[in-house]
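Okay, structure first, notes after.
Not measured: the values here are computed from a predicted model. When reading the values below, keep in mind they use all heavy atoms of this one structure, side chains included, and skip hydrogens, waters and symmetry mates.
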Amino acid sequence: MARGRTVSFLHSYGPLLMTAPVLVMIADVDRRTQRIPDRLSLIALAVSAVSITIFTIDGGHSNDAASAGIGALLLTLILGALHMVRPDGLGMGDVKLAITLGLLLGWTRAGVLEVALLVAWCLMIASAIGLVGVALVTRRRGVSTRGVRVPFGPSLCAGAVLVTLLGPSLILT
């Protein structure tokens, strides 16, 4: 019985656990430099894609990989559109990071609607974290919020991790 729960836990959270160290590095670099290096984004993408592939083959559930792809597509399209509208407000590094985060959000979800809801939750949580960051910066510097720039990568990573961990409880079924 315990082994079954361990396998289920690893199947559900294995890709996140394997990708998390790279996400922490991405968040730290973006926090310090307001840039997400392509090298780190590619490493995170490779780790998440390989781990999802391994867990898909091991579990025999090809729909899990398809859901991961849907998550990657949805989050990347949304952030890509925001980048096109306001390239000075959302960098291309955030759009590239969205591929990895979308894979993790979509992993082990049953359908498009569930994945879309989790992507929406991720964006809401990341935005809330980003707004708190703006408030902290403006308070510390004593300036207005206009023109304050805070990196969005750490907020995106935190939002995706939280939603990936809490996903089932965020979806009303």
Side-chain angles (χ1 to χ4, degrees), residues 8-30 35-87 89-130 151-171 173:
S8 177
F9 176 84
L10 285 176
H11 177 77
S12 296
Y13 301 110
L16 175 62
L17 292 172
M18 295 174 79
T19 310
V22 185
L23 295 179
V24 169
M25 286 190 282
I26 287 171
D28 182 54
V29 169
D30 193 21
R35 291 209 160 290
I36 298 174
D38 286 345
R39 182 176 299 138
L40 286 178
S41 285
L42 286 172
I43 291 169
L45 178 59
V47 169
S48 63
V50 168
S51 62
I52 285 171
T53 302
I54 289 169
F55 282 101
T56 298
I57 291 169
D58 183 53
H61 302 289
S62 61
N63 58 333
D64 289 348
S67 293
I70 291 167
L73 182 65
L74 283 175
L75 190 57
T76 305
L77 286 175
I78 292 167
L79 292 183
L82 290 172
H83 172 73
M84 289 174 59
V85 170
R86 196 71 203 272
L90 184 73
M92 196 60 195
D94 297 314
V95 178
K96 295 172 192 175
L97 177 61
I99 302 167
T100 298
L101 299 178
L103 285 172
L104 296 172
L105 287 167
W107 172 242
T108 72
R109 307 301 172 212
V112 175
L113 182 57
E114 281 186 4
V115 174
L117 286 170
L118 293 178
V119 166
W121 272 107
C122 174
L123 290 171
M124 287 187 289
I125 291 170
S127 296
I129 293 169
F152 195 49
S155 302
L156 273 175
C157 290
V161 168
L162 285 171
V163 171
T164 300
L165 293 173
L166 302 173
S169 63
L170 295 174
I171 300 174
T173 55

Pair Leu75, Leu103 - check side-chain contact (heavy atoms from CB on, under 4.5 Å), show working. CA-CA 9 Å; Leu75 190 57; Leu103 285 172; over 6 Å; no
Among all residues two or more places apart in sequence or in another chain, which pass the side-chain contact (heavy atoms from CB on, under 4.5 Å) test with Ile70?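 Scan of Ile70 (side-chain contact (heavy atoms from CB on, under 4.5 Å), adjacent residues dropped) gives Leu74, Val112, Val115.
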Ignoring hydrogens, what is the shortest heavy-atom contact between [X] and [Y]? Give both atom names and the distance.
X: His83; Y: Val95; result: CB-CG2, 3.7 Å
X: Gly93; Y: Ser41; result: O-OG, 4.4 Å
X: Leu97; Y: Cys157; result: CD2-SG, 3.8 Å
X: Gly159; Y: Ile129; result: N-CD1, 4.4 Å
X: Ala27; Y: Pro154; result: O-CG, 3.3 Å

Once you round to the nearest 0.5 Å, how far does [atom1] of [X] lie from [atom2] of [Y]?
X: Ile78; Y: Leu73; atom1: CD1; atom2: CG; result: 9.5 Å
X: Ile36; Y: Phe152; atom1: CD1; atom2: CZ; result: 10.0 Å
X: Thr164; Y: Leu101; atom1: OG1; atom2: CG; result: 8.0 Å
X: Leu162; Y: Cys122; atom1: CG; atom2: SG; result: 9.0 Å
X: Ser67; Y: Leu105; atom1: OG; atom2: CG; result: 11.5 Å
X: Ser12; Y: Asp64; atom1: OG; atom2: CG; result: 8.5 Å

Selection residues 93-106 - residue pairs positive for salt bridge (Lys or Arg N to Asp or Glu O under 4.0 Å), sequence neighbours left out: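 Every pair satisfying salt bridge (Lys or Arg N to Asp or Glu O under 4.0 Å) with a residue in residues 93-106: Asp38-Lys96.
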Within residues 67-86 or reaching into it, pairs that qualify as salt bridge (Lys or Arg N to Asp or Glu O under 4.0 Å) - sequence neighbours excluded: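 Output for this query lists Arg86-Asp88.
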Take Leu156 and Asp30 through the side-chain contact (heavy atoms from CB on, under 4.5 Å) test and state the conclusion after the steps. CA-CA 11 Å; Leu156 273 175; Asp30 193 21; over 6 Å; no
Given Thr100, Thr19, Val22, the one that forms side chain to side chain contact (heavy atoms under 4.5 Å, CB included) with Ile43: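 Result for side chain to side chain contact (heavy atoms under 4.5 Å, CB included) with Ile43: Val22.
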